[in-house]
Structures are given as structure tokens and as C-alpha cells.
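Below: the structure, in C-alpha cells.
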2 protein chains.
Amino acid sequence: MARRRNSVTIREVAEDAGVSLQTVSRVINDEPNVRPQMRDRVQSSIDRLGYVPSLAAQRMSGSRSYLILAINDRERTLADWRERSGTDWVDQMLLGGTLTCSKHGYRMIVELVDTHADHVERELSATVSALQPDGVILTPPHSENPQITRLLAQRNIPFARIGSTEDGPGIRLTMGDEGAAYASTKRLIELGHSKIAIIAGPDQYSLSGWRIEGWRRALAESGLSDEGLCERGDFGYDSGTKAARILLDRHSDLTAIIGSSDKMTLAALEVARDRGLHVPRDISLISFDNTPIVRFSQPPLSAVDQPIAETVSIAVEHLINLDKSPPVRNVIDVPAQLVERSSTGPAPASK
Amino acid sequence: MARRRNSVTIREVAEDAGVSLQTVSRVINDEPNVRPQMRDRVQSSIDRLGYVPSLAAQRMSGSRSYLILAINDRERTLADWRERSGTDWVDQMLLGGTLTCSKHGYRMIVELVDTHADHVERELSATVSALQPDGVILTPPHSENPQITRLLAQRNIPFARIGSTEDGPGIRLTMGDEGAAYASTKRLIELGHSKIAIIAGPDQYSLSGWRIEGWRRALAESGLSDEGLCERGDFGYDSGTKAARILLDRHSDLTAIIGSSDKMTLAALEVARDRGLHVPRDISLISFDNTPIVRFSQPPLSAVDQPIAETVSIAVEHLINLDKSPPVRNVIDVPAQLVERSSTGPAPASK
DNA sequence: TTGAAAGCGCTAACAT
DNA sequence: ATGTTAGCGCTTTCAA
């Protein structure tokens with residue numbers, strides 16, 4: 001077994017520059033109390049030797065691991081990956097996360113954790129013990145799992161809760177759910193629609209409720225009724241089919257549906273087509289998520305784009321700078337934009 | 001700043017079980033020379049205290065970091081993520097990689113590296129110094145970048161080269177390119193096609209050549225000509241449009257096109273539509289990659305599924321078990337399957 | 001402003 | 001079969 005004599009160490013840099021280890025360490029970490037001249041000398045040794053500190057060693061001695069952990073729900077994520085149906089949640093997390101991490105010399109590690117009660121604590125605890133991350137990013141449904149948040153709080157590990165506004169420890173971030181639902185509904189009203197339904201997500205997800213609130217607020221503002229116009233799904237295709245059928249059966253004068261996920265809205269599109277309804281001539285559709293597939297349906301769906309990359313990036317930024325800046329107390333709402341495509345149009349005149 | 005007194009250490013386990021650190025270490029690492037009775041005693045202390053060894057400490061003392069690095073081309077990956085056009089290459093790598101890693105107590109870290117000449121060595125060198133991974137997975141075009149392979153070989157870091165059969169260090173894996181192109185062409189011939197074109201990938205990618213070979217081999221076996229039937233693209237949409245136009249202009253009797261990427265094939269579909277050709281009645285299309293979007297085009301495309309997850313999983317398995325098993329000398333070819341959808345059909349009778 | 005000493009949590013090498 | 005010692009590469013603490 002070959003010795004691991006392949007990396008340059010701080011000792012070699014110190015010798016090369018003719019200074020103590022400590023001085024090199026100070027230069028690496030941008031600490032004060034090093035004369036500029038000395039700093040330059042050390043830096044040039046570092047550059048020449050191509051020295052980069054070992055993360056493991058830094059973690060061992062210091063207090064930081066330079067690791068940020070992003071946790072996703074195992075079951076759902078694996079299902080998405082296996083299905084290959086274009087859900088790019090993880091990609092967008094990586095886009096926002098790894099770029100921001102690397103700006104600060106950090107790495108992001110993606111882990112899958114079961115929400116299932118019994119395992120959670122053991123599983124997360126093991127991961128945290130092994131990796132000792134400097135910060136953890138929680139996504140729904142983990143963001144509101146008390147077993148998880150309690151564990152992290154106890155262990156004194158900074159964390160961000162995406163999609164949660166509940167009180168408690170951790171930085172809270174939302175992705176403009178209420179506002180986007182409000183704006184989308186407003187837009188439909190502006191297009192002349194007055195009977196606007198929503199296929200909401202499951203109520204374990206707080207964001208399902210926020211979207212309903214936004215939709216309801218817009219309706220109320222225009223004096224429109226929301227009665228019998230809200231159905232729940234589970235974000236999946238089949239639940240969308242079911243909800244769309246119920247809504248269309250119940251309201252013959254329905255002219256618009258907002259779906260709380262791409263799959264559910266795509267299902268609604270299919271249901272409409274089955275009933276001979278043309279989109280957007282007879283009925284308008286707005287989706288949530290804006291994953292790749294909505295651009296390829298017929299017609300391409302108007303959709304609220306979830307700013308996942310941006311949100312994760314902000315979360316990382318806060319986690320890394322926690323000690324330097326004042327603690328974040330309020331909820332950070334990253335606004336979401338409606339991308340209009342061809343599934344929205346003026347309300348039909350006759351109805 | 002709170003002390004990091006939050007994790008259980010090996011010392012506490014040793015005290016709890018009344019044994020030496022070393023014995024605990026032996027139990028953790030499943031080493032011989034521990035009596036079953038002793039092993040049980042230690043294990044129960046481990047379980048009770050919820051002890052999990054620190055990766056950083058293991059790396060510091062031992063020779064392993066329990067980290068596998070997966071390297072992708074920065075420019076291309078970022079473009080895919082920003083475009084959100086459904087390329088799920090990274091997801092599939094994670095699917096295959098993280099699952100297999102975690103089976104062995106490893107983690108996978110995804111890094112983006114510029115192929116661009118000047119930076120590569122510095123960049124990769126820095127990453128490797130910081131992380132000291134036990135293995136690296138290289139994807140095209142890195143797999144055949146001599147600067148990268150040389151560096152890793154020098155540093156004695158085991159690595160896998162996906163999409164490369166070139167001689168040299170590292171485990172070589174391919175994703176059935178030649179075979180899948182051959183099988184796809186055969187299938188078209190079986191459907192009665194005799195004029196079958198290919199839109200190949202750029203020649204910096206070896207796999208572009210392998211696919212051409214498979215296509216050519218099938219044509220030759222049936223005594224069909226390949227003359228003027230191969231055009232190159234760069235895997236992107238525009239290049240597919242251009243190539244498809246050239247092919248259709250050149251051969252009025254063309255009845256089938258194999259595209260070496262989903263984007264190029266989707267472009268070909270569009271070109272066909274523009275010219276009033278119905279797919280698959282007038283012309284059949286087979287794509288390569290099988291990313292999510294091909295299921296949503298009209299008609300859904302028949303496509304060769306790239307077994308990315310499986311290939312990465314195999315690569316990880318080999319990297320982790322390198323010391324235990326004999327070295328891999330030959331190229332590991334993970335076969336790819338043709339998924340038939342609605343873009344392939346019998347050749348038109350008239351032509 | 002700089003340096004020396006101690007130790008982070010673990011494993012390799014060497015006892016016993 | 002088990003324990004002891006040394007040390008991985010770095011930062012913290014303390015001294016100069």
C-alpha cells in the first residue's frame with residue numbers, strides 16, 4: 001500500500017518560506033497579525049508549491065469542516081430519479097449550492113434521509129457525526145420535522161429550513177408561494193376569468209396552504225367566490241387527474257385551473273383534452289414548479305418558476321456567514337416568477 | 001463560540017466498554033483478532049452511545065477518506081442546469097453513485113472542472129489536495145484528458161474513465177454505444193428501412209465514433225450503403241437542425257435518422273415536421289440519451305437509454321474494492337437498451 | 001507580530 | 001487477542 005506522500009503539507013510550506021507553521025496558517029485563514037511582507041513571502045511559497053490545506057486536517061484541529069449538507073427526502077428523490085420524469089429539484093439545489101459553496105471554499109454534500117419516523121434520528125445523527133457539517137439545508141418535508149430540527153439544534157449545527165415559516169431554530173426561507181399564487185390568480189382575473197380553481201398540494205406541506213391563501217386573497221379582492229374550487233392532490237399525476245375531473249364535473253363554467261405541481265397540471269391538461277376542451281381557448285392552466293417537461297407539452301404550460309437555485313444559494317450564504325453577521329430572525333421570502341407560455345388566454349366569451 | 005463537544009468519540013466508547021481504543025477501532029473496521037464476545041460488548045457500547053466515527057479523523061490517521069469524487073465538465077453542466085431543459089445526467093450519476101457509496105460507508109461529492117487547458121491541473125490538484133478522495137470518476141470529455149489522467153495517476157489516486165477505451169491507467173467503462181447503434185440500425189432495417197442516416201456527435205467524443213461504427217456495421221451486414229448518410233453535430237439543438245436539413249436535402253429517399261443526442265433528434269423531428277414529413281409514417285427517428293423530454297415530444301421518441309446510473313454504480317464499486325480484487329484491465333461495457341416509442345415504424349412502401 | 005506546544009479523533013505499527 | 005505508542009496535518013492556546 002503506497003504511502004500518502006502525495007500532497008504538499010503546511011510544514012513544507014513553512015520550511016520553504018522559512019517561517020513557523022503558525023504563520024502559514026494565519027496566511028491561509030486570512031488572519032490578522034501578519035506583516036504584508038511576510039504574507040507575500042508565505043503566499044508565494046504556497047503558490048509555488050501548489051499547497052492546498054487538507055479539509056480533514058482543518059476539521060480535526062479547527063472548528064470548521066467546510067462542508068454543507070443538503071438533505072432531501074429519500075423516497076421522493078429516488079422515485080424522481082428512477083422515473084426520469086424531469087424533476088430537476090436536486091440539480092437546481094446543486095446549481096445554487098455548489099457554486100455558492102465553492103465561492104467560500106466549502107463543499108456541498110447531498111444526502112437522502114427517510115422521513116419515516118423511526119429511522120430519522122439515527123440516520124441523521126450518523127450522517128452528522130460522520131461529516132460534522134458546518135451547516136445543513138433542510139427541504140420539505142424535513143424542514144418541519146421536529147425530530148430533525150431538534151436534533152440539529154441540540155447539536156448546535158446551524159441549519160436552514162426551506163419551505164417553512166414555523167417558529168423555532170434555523171433560518172427560514174420560502175419560495176414566494178403565497179405571492180406567486182396571488183399573482184397568477186390576479187393574472188387570470190385580468191384575462192377575464194371569474195371561475196378559477198386550484199388543485200392544491202397535500203396539507204403536510206405548508207406551502208400547499210400558502211398557495212391556497214394567495215389564490216383566495218386574489219379572488220376575494222375581486223369579489224369572486226372560492227366555493228368548491230379547491231381540491232387537494234399529492235403533487236403526483238394521478239391525483240391531478242382525479243382533482244381535475246372533480247372540479248370539471250362540479251363546475252361546468254370553470255375556465256381556469258391553477259395546479260400546485262407540474263405533474264398535476266399536466267394531468268389536468270390531459271383531462272381537459274379528454275373532454276374536448278381546448279387549452280387555452282376553453283380553459284386556461286397555470287402550473288407550479290416549472291420543471292423542464294412543461295415546456296414540451298402541447299401547449300407548453302404557463303408556470304410559476306420555483307427559484308430553487310437562488311433560495312439554496314441564499315441559504316448557503318447565511319449558513320456560512322452566520323458568525324460574521326447578525327442572526328436572521330425573519331422569514332426570507334425569495335419571490336417566484338410566473339412564466340407565461342401558451343396555456344393561458346382570455347376567458348371564453350360565452351361562459 | 002460553542003465547543004464542538006457534541007459527537008461521541010472512540011475514547012468514550014472504549015471507556016464505556018472497558019477496552020482500548022484499538023479494540024474499538026478493530027470492531028468498527030471489521031478487522032480480525034477480536035473475540036466474538038468482545039466484539040459484541042464493544043458493538044453494544046457503540047449502539048448505545050450512537051457512536052459513528054468522524055470521517056475527518058479516519059482520513060487523518062488511516063489511508064482512506066471515504067470520499068469518491070465525481071467530476072463533470074463545468075461549462076456544459078452549468079449550461080444544462082441553467083437551461084433547465086431536462087438533462088438528467090448528474091441526477092443519474094447521483095442515483096448510481098450515492099446509493100452504491102452509502103452501501104460501503106462512502107460519500108460521493110460532485111465537482112465541476114473546466115476542461116479548459118490552463119486551469120485543469122491547478123483546479124483538479126486543489127480539489128484532490130483538499131478532499132483527498134479515495135477514487136475519482138471521470139466523465140467525457142475529462143475521461144480522455146491526458147492532463148487529468150496523468151495527474152491522478154501520479155498522485156496514485158484510483159480513477160474510472162467513463163466513455164473512454166484508450167489505453168492508460170484507470171478503469172475504463174463504456175455505455176454500450178457501438179452495440180446500441182448497431183441494434184438500433186438493425187431494428188430499422190428490420191422495419192424495412194434501407195436509407196438510414198445518422199447525426200453523429202462531435203469527434204472530440206470517442207463515443208461519437210463508436211456509434212458511427214455500430215451503425216455502419218449494421219448497414220454493411222445488410223449490404224446497405226452509408227454514403228453521404230453521416231453528418232456531425234455538437235449534441236446541441238441547432239447543430240441537429242442543420243444536420244437534418246443537409247441529410248434531407250441530399251437524400252430525397254431518406255426514411256430513417258438516428259440522432260446521437262436527444263436535442264439533435266428533437267431538432268430533426270422539427271425539421272421533418274417543417275417539411276411536411278410525418279413521423280413515423282414518412283420517416284422514423286431514433287434518439288440517444290433518453291432524457292425526460294423525449295417522452296413528451298409529439299410523437300414520443302424511440303431512444304437508446306444511457307445506463308448512467310448503472311455505469312457509475314459499477315465504477316464506484318470497483319474503485320472502492322480496488323485493493324480487494326484483482327485489477328480491472330479490460331473495458332467494462334455496460335449495455336444500453338433501445339426504448340421503442342412512437343417515432344419508429346415501418347418504412348413507407350413507396351420509397 | 002511571531003513562534004512553540006498541545007491536541008483534535010482516529011489508525012498503523014509495534015508490543016505483549 | 002488485546003493494548004500501547006506515535007503521528008496524520010492542521011488550529012488553538014499560550015508564550016515571547
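First the proteins, then the strands, lettered A, B, ... as listed; each starts at 1. These numbers come from the heavy atoms of this one structure, side chains and all, not from hydrogens, waters or symmetry mates.
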Point to revise | Shortest side-chain distance from A:Ile10, nucleotide among D:dG9, D:dG3, C:dC10 | key: D:dG9
Exercise for review: Could you state the atom-to-atom distance from CG of A:Leu21 to P of D:dC8 in whole Å?
Suggested key: 11 Å
Check your understanding: Between C:dA4, D:dC8, D:dG3, which nucleotide gets closest to the side-chain atoms of B:Met60?
Key -> D:dC8
Exercise for review: Can you sort out the partners of A:Thr23 under side-chain hydrogen bond (donor to acceptor under 3.5 Å, both in side chains), two or more places apart, ordered by chain and number?
Suggested key: A:Ser20
Review point. Rounded to the Å, how far apart are B:Arg11 CZ and D:dT5 C1'?
Key: 13 Å
Review point. Below 3.5 Å, does any donor atom in the side chain of B:Gln58 face an acceptor in the base of C:dT11, or the other way round?
Key: no
Polar atoms only, N or O, under 3.5 Å: list the protein pairs with nucleotides 14-16 of chain D and their distances.
none

**Study point:** Residues forming a side-chain contact (heavy atoms from CB on, under 4.5 Å) with A:Arg11, sequence neighbours excluded
**Key:** A:Thr9, A:Glu15, A:Leu21
Study note, to complete from the structure: Across all chains, not counting sequence neighbours, the side-chain contact (heavy atoms from CB on, under 4.5 Å) partners of B:Arg172 are B:Arg161, B:Asp167, B:Val331
Practice item. Round to the nearest Å and state the distance from A:Gln22 atom CD to D:dC10 atom C1'. Key: 9 Å
**Study point:** Residues forming a side-chain hydrogen bond (donor to acceptor under 3.5 Å, both in side chains) with B:Asn145, sequence neighbours excluded
**Key:** none
Exercise for review: Check each residue of residues 28-42 of chain B for a non-hydrogen atom within less than 4.0 Å of any atom in DNA chain D, then write out the ones that pass by number, or none.
Suggested key: B:Asn33, B:Val34, B:Arg35, B:Met38
Point to revise | Stepwise salt bridge (Lys or Arg N to Asp or Glu O under 4.0 Å) check, B:Asp134 with B:Arg59 | key: CA-CA 10 Å; B:Asp134 293 340; B:Arg59 161 58 199 99; over 6 Å; no
Practice item. Record whether the side chain of A:Ser61 comes under 3.5 Å of the base of C:dC8 through a donor-acceptor pair of N or O atoms. Key: no
Check your understanding: Does a sphere of radius 6.0 Å around CD in B:Glu75 hold more than 12 heavy atoms from other residues, nucleotides or ligands, not counting ones at 6.0 Å or beyond?
Key -> no
Exercise for review: Give every residue pair that meets the ring-ring contact (aromatic ring centres under 6.0 Å, His included) criterion with at least one member in residues 111-169 of chain B, sequence neighbours excluded.
Suggested key: none
Practice item. Please determine, for the side chain of A:Ser63, which listed nucleotide (D:dT12, D:dG3, C:dA12) has the closest atom? Key: D:dT12
Check your understanding: Is the shortest side-chain N/O distance from A:Tyr51 to OP1 or OP2 of D:dC10 below 4.0 Å?
Key -> yes
**Study point:** Residues which pass side-chain hydrogen bond (donor to acceptor under 3.5 Å, both in side chains) with A:Glu310, listed by chain and number, not counting sequence neighbours
**Key:** none
Exercise for review: Starting from the first five and the last five pairs of the helix from C:dT1-D:dA16 to C:dT16-D:dA1, work out the angle between the resulting helix axes, to 10 degrees.
Suggested key: 40°
Pairs of donor and acceptor atoms involving the side chains of residues 46-54 of chain B, under 3.5 Å and at least two apart or interchain, shall be tabulated with distances.
from, atom 1, to, atom 2, distance (Å)
B:Asp47, OD1, B:Gln43, NE2, 3.1
B:Arg48, NH1, B:Asp16, OD1, 3.3
B:Arg48, NH1, B:Asp16, OD2, 3.4
B:Arg48, NH2, B:Asp16, OD2, 3.3
B:Ser54, OG, B:Ala56, N, 3.3
B:Ser54, OG, B:Ala57, N, 3.1

Review point. Rounded to the nearest Å, what distance is computed from the CZ atom of residue B:Arg59 to the P atom of nucleotide D:dG7?
Key: 17 Å
Check your understanding: Within the pair A:Thr23 and C:dT2, is there a side-chain N or O less than 4.0 Å away from OP1 or OP2?
Key -> no
Exercise for review: Please tell me which of B:Ser20 and A:Ala57 maps to the more 5' nucleotide of DNA chain D, matching each residue to the nucleotide holding its nearest heavy atom.
Suggested key: B:Ser20
Exercise for review: For B:Asn72 and B:Leu112, indicate whether the former's side chain and the latter's backbone hold a donor-acceptor pair under 3.5 Å.
Suggested key: no
Check your understanding: Is there any salt bridge (charged side-chain N to carboxylate O under 4.0 Å, His left out) pair reaching into residues 107-118 of chain A, and which pairs are they, with sequence neighbours excluded?
Key -> A:Arg74-A:Asp114, A:Arg107-B:Glu111, A:Glu111-B:Arg107
Study note, to complete from the structure: Rounded to whole Å, the CD-C1' distance (A:Glu12 to D:dC8) equals 13 Å
Review point. In chain order, what residues pass the salt bridge (charged side-chain N to carboxylate O under 4.0 Å, His left out) check against B:Glu144, with sequence neighbours excluded?
Key: none
**Study point:** Length of the CG-C1' vector between A:Leu55 and D:dC8, whole Å
**Key:** 15 Å
